[in-house]
Q: 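One structure, pasted below without further comment.
In what follows, residues are counted from 1 in the order of the sequence shown.
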Amino acid sequence: MAAPELAALLEALLEPDSDGIRRATARLREAFADPRAPAGLGELLGSAPRPQVRQLAAVLLRRRLLGHWRRLDPDLRQRLPTLLAEALERETEHAVVVALAQLAALVLRRGGVGSWGPLGAWVQGAARDPRRKEVSLLVLSAALEDAPPALAPHGPALAALCRGGLEPGAPPSTLAYALRALGGLAATLGDAHTELLRSLVPDILRALRTLIDADEERGADALEVLDELLAAAPGAVTFDLRPLLDLCLQVGGDSARGHALRARALATLGFLAQQRPRALLRGGLLGVLLGGLLGPLCAPPQRPDPEDEEEPGGDEGSRGGPSPRHAAAQVLNALAQGLPPERLLKELVPLLEPALRSPRAWERKGGLLGLGALGDGCGGVLRRKYLSPVLGALRGGLGDPEGLVRGAAACALRSLDECLQPEAGALALEALPGALAALGGPRSWFVLEALVESAGEGLGPLLEPLLGALLGALGPPRTELALSALHTLAGAAGPLLQPHGGRILAALSPLLQPPRDPPGRALTLQALEVLGALGGAVAGPGLLPGLELALGLAQEEDKPEGRRVLFSLAAAVAEALGEGAGPLLPPLVPLLLGALRRPPPPAASEAPDSFLLFDDDDEEGAEPMDDDVSSEEEEELIEVEVGGAYAAEVEDACEALGEIAEHSGAAFLPYLDTSLEAVMGLLAFPLADVRAAAYQALGSLCLGAGRARGHAPKEALQALMRAVREEPGAGPARGALGGLGRALGSAPPPELLPAIGCLLADVIAGKVACLQPGAEEEEEGEEQVEAAAELRELAGEGLAALAGGAGGGVAFAAALPPMLACLRGDLPQRSWAAAMLGEALSLLLRALPLAEALEEGGAVAEFLLGLPREELEPFLGELPRALGGFVGTGTLPTELEVGVVSLLRHAWGRSPELVGGALAQLPPPDAARLRHALLGPAPSATSSPPGGQ
């Protein structure tokens, strides 16, 4: 279609006529099937009289090129940079310039540096013209946002162009585009051009100050350039670290400025704390940073009513973005995770103590929020060295006369709870009566929930008054708050609530009725969530009616929140009722399976600013994207299409389907094959959390199949094994390993057992994809160690599941060598290996001696000799065969061999028949060698076995 006809169709799309828009959209779809259509759009970029048509042509052409660059007509590919340069030269409308700049950036990414010649020449020329400098920097900033690495050799020239936009007196818009372009340039150049980037930092800081004073919104966005520098070339900011700190602390602490700008400046310091924490130590700047953070952390409120100003947790900006107080706490949290705890606490604790003792409530609140921010990285040191003062600060905060301080103390308690137990639980019980007496607004309920969580199963003595307060509040205006607290109580107290189940159900009964209006529906769904959290032990009689109600709500109104509540409740019902849930499966399982299917693409909007003219049903759009579409862009498209509520719903559906399959027995058999097919279809899903949930569900389906059919599906087991070995992310790998461990509780095919043992061995040895350098979700430092430890624990659970079954020894023997190697590892590895081997002692002794194990003979001997003799009593008959290879063969140090002989003599003395029979079953040379050792001289007293008893 020629350019004039395309222009007429685009004009029609801009008119307020729905029928005309539909007709024009249909004709455009037909027109874009013509390969000449992009050329027509290209002509309209500079020739259409109406600016909205020029803008729309640029947007549609960019959309067309996003996945079809290589199929574009070669002549248009060559002419497009010139067309863009000519259009930019004439354009005066800002919105059109932005669209043209984005199109130009796509041309650079797709066509490479060589295809950008005319555009590059235009940018350089325009940058020297004061009237066109702003437009040239806008185009350059768009181009550098995701520039190809081939642009790096042009770094000095590009840096000079950007520096030209930072000159004193430049208007705010020019400064903003220049700073944005420099951020993209830093990401493109990386640390290979540290010196060049370092030379720009003083000008960047000066320009940021100017821009922030002139335009706070643009200044907040422009601070991104500092993050880019820190991420790409952290060494570039080393010499200017103090000016950078001064800028961000002055802006973050200036109460006359807007919250968004202040929080953004502090967020830059948080990124600095993540990227270069030790540079703060080397430069002696930690004290400067900490002192500057105390200002926003302990600042007074800017609005008079604290209950209106903040959320219950103490973050007054959370309804409209993070507050400066919250951002300052996040910087402390980043420092706690990046610095040696002792160094940080040595400087921070003296700063927090005056705030915690201050007569001003907001300073006490800030001190408590700062204390809570330390939980992630400093929890262990706080417990060892500061336990008493920390508990004292929490006790004082929870009993403070000001509600805002009590809220902050509750936040700190939640953050520090894990590292302070059991003392934190006792403190929570101590504070609970006061919290019950103070119940009123949302903050007081937040405090109550934090105390309930911390007290956990220690709530028994206060359960009666606590339940009385919560159940008594199940009415307007506090119903929602009371239901939330009941949900928390159900998770914390668990079986303690069993005697009170009837009373709780009676109180919930008015809410567990078909709702009359949307607010009533929301409360009913919340009450159903409480029912699911209570579980079968407490809410048994109410679960089935509750599930029927949830099923009706989900069928009546197709909304994700209703389905998610239904799925959560279904899991609880399946666990409580087992095969008794069978009658509800026909309407329930189709809903679950429906949630596992990918949603259809959204319908095209009739609005003139939203065109999906290249949807999946388009002739070319139905084909796979070109290879030149980056993985980041593809992931972004995927996230937009299937992320958010849909992904969460899929995860909930996977969990519910797995629970039903595990517990419903034969009642689930009619749905097993279709469920397996649906879950297997999710194993290639682009979002990691969904894959992890699918692996867990697949393991449950295998377990259910094994229980009902007598065997687990081999294909599903193999899929789980592949995922454990090949998944690049630790999260999905954990899900797959957890699913495999669950599946092993059924009846795995015997021919898979050796391969499963080898797989678990590779997990223990760290030889799976997610633990290799360069893995997709590679973790650093402590997080990597934690991921390896979690996977090792799951592998151990899988071995334990195999241990009791037929053929379990085969898998255990395959996993034994790396397990024994862990006995020589660090303390966590040694502790885990000792615990695991102790649980599977019979399998260990049956698996010995192995050629591989003899290489770790010393570790095996030390482990066995360290066990109390009574733990070995049931296995005395196994000891000669298991340990005989260590005697008289020179495989052990002398002192360990003496210990082994002593242990075998002990076994002979305790049960001569068993040991004699075991010796008789050995090959004659081995039996003779062992008898000689056992009947020889007694071991020397100075060579007593390590751990011998």
Side-chain angles (χ1 to χ4, degrees), residues 269-270 273-274 276-294 297-298 314 328-358 363-400 405-406 408-431 450-451 453-456 458 780-783 785-786 789 826-828 830-831:
L269 295 178
Q274 291 173 352
R276 301 285 286 178
R278 294 182 182 272
L280 296 167
L281 295 178
R282 289 194 296 270
L285 298 175
L286 180 58
V288 175
L289 175 56
L290 295 177
L293 292 175
L294 263 289
L297 194 65
C298 297
Q330 286 182 323
V331 180
L332 288 179
N333 181 262
L335 289 169
Q337 296 181 69
L339 290 176
E342 291 84 355
R343 292 287 300 273
L344 175 61
L345 293 174
K346 181 180 178 181
E347 296 210 34
L348 180 59
V349 169
L351 296 175
L352 291 179
E353 285 176 340
L356 293 168
R357 294 194 300 266
S358 171
E363 292 185 4
R364 300 197 298 275
K365 170 185 176 175
L368 286 163
L369 292 178
L371 186 63
L374 304 176
D376 286 342
C378 299
V381 177
L382 284 174
R383 177 170 186 83
R384 289 196 305 272
K385 295 188 176 181
Y386 299 91
L387 180 60
S388 179
V390 168
L391 291 174
L394 292 175
R395 180 178 288 106
L398 292 169
D400 197 280
V405 181
R406 296 196 297 273
C411 275
L413 178 65
R414 274 185 162 166
S415 299
L416 300 170
D417 184 71
E418 184 177 351
C419 67
L420 297 184
Q421 288 291 358
E423 291 84 356
L427 177 62
L429 282 176
E430 178 186 324
L451 296 176
E453 285 178 354
S454 182
E780 295 290 342
E782 292 183 6
E783 293 180 352
V785 173
E786 183 179 347
D826 57 25
L827 180 59
R830 295 198 304 272
S831 300

Q: Counting only heavy atoms not in Glu418 (residues, nucleotides, ligands), do more than 12 fall under 6.0 Å from its CD?
A: no
Q: Are Gln421 and Ser454 packed together at the side-chain level, in the sense that at least one heavy-atom pair is separated by less than 4.5 angstrom?
A: yes
Q: With rounding to the nearest 0.5 Å, note down the distance linking CG in Leu280 to CD in Glu347.
A: 10.5 Å
Q: For residues Cys378 and Leu345, report the shortest heavy-atom separation together with the two atoms involved.
A: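 Here Cys378 and Leu345 meet closest at CB-CD1, 4.2 Å.
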Q: Take Leu335 and Leu290 through the side-chain contact (heavy atoms from CB on, under 4.5 Å) test and state the conclusion after the steps.
A: CA-CA 10 Å; Leu335 289 169; Leu290 295 177; 3.8 Å; yes
Q: Quick one: CG on Leu429 to CG on Leu451, what's the gap to the nearest 0.5 Å?
A: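 The CG atom of Leu451 is 9.0 Å from CG of Leu429, to the nearest 0.5 Å.
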Q: Under a 4.0 Å threshold between the charged nitrogen and the carboxylate oxygen, would Glu363 count as salt-bridged to Arg357?
A: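 Not counted as a salt bridge, because no side-chain N and carboxylate O are separated by less than 4.0 Å.
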Q: Using every non-hydrogen atom in the two residues, find where Gly370 and Leu332 come nearest and quote the distance to one decimal.
A: CA-CD1, 3.8 Å
Q: Any side-chain heavy atom of Asp400 sitting closer than 4.5 Å to one from Arg364?
A: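 The answer is yes; the side chains approach within 4.5 Å.
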Q: If you look at every heavy atom in Ala355 and Gly367, which pair is closest and at what distance?
A: CB-CA, 4.1 Å
Q: Hey, could you give me the CZ/CG distance between Arg276 and Leu281, rounded to the nearest 0.5 Å?
A: 11.5 Å
Q: Search all heavy atoms of Val331 against all heavy atoms of Gly270 and return the closest pair with its distance.
A: CG2-N, 3.5 Å
Q: Which heavy atom of Ala409 sits nearest to which heavy atom of Gly397, and what is that distance?
A: CB-C, 3.5 Å
Q: In a check of side chain to side chain contact (heavy atoms under 4.5 Å, CB included) between Leu374 and each of Val390, Asn333, Leu348, which one passes?
A: Leu348
Q: Do the non-hydrogen side-chain atoms of Leu420 and Leu416 ever get within less than 4.5 Å of each other?
A: yes
Q: Does some side-chain heavy atom of Leu398 sit less than 4.5 Å from a side-chain heavy atom of Arg406?
A: no
Q: Hey, what do you get for CG (Leu394) to CG (Leu371), rounding to the nearest 0.5 Å?
A: 6.0 Å
Q: How long is the span from the CG atom in Leu356 to the SG atom in Cys298, to the nearest 0.5 Å?
A: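 So the CG of Leu356 and the SG of Cys298 are separated by 8.0 Å.
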Q: Is there side-chain contact between Leu339 and Leu286, with heavy atoms separated by less than 4.5 Å?
A: yes
Q: Answer whether the closest heavy-atom distance between the side chains of Arg278 and Arg343 falls below 4.5 Å.
A: no
Q: Is the shortest side-chain heavy-atom distance between Gln274 and Gln337 below 4.5 Å?
A: no
Q: Are side-chain heavy atoms of Leu382 and Leu387 found at a separation under 4.5 Å?
A: no
Q: Hey, could you give me the OG/CZ distance between Ser388 and Arg395, rounded to the nearest 0.5 Å?
A: 8.0 Å
Q: Quick one: closest heavy-atom pair of Arg383 and Cys419, and the distance?
A: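 Heavy atoms of Arg383 and Cys419 come nearest at CD-O, 3.1 Å.
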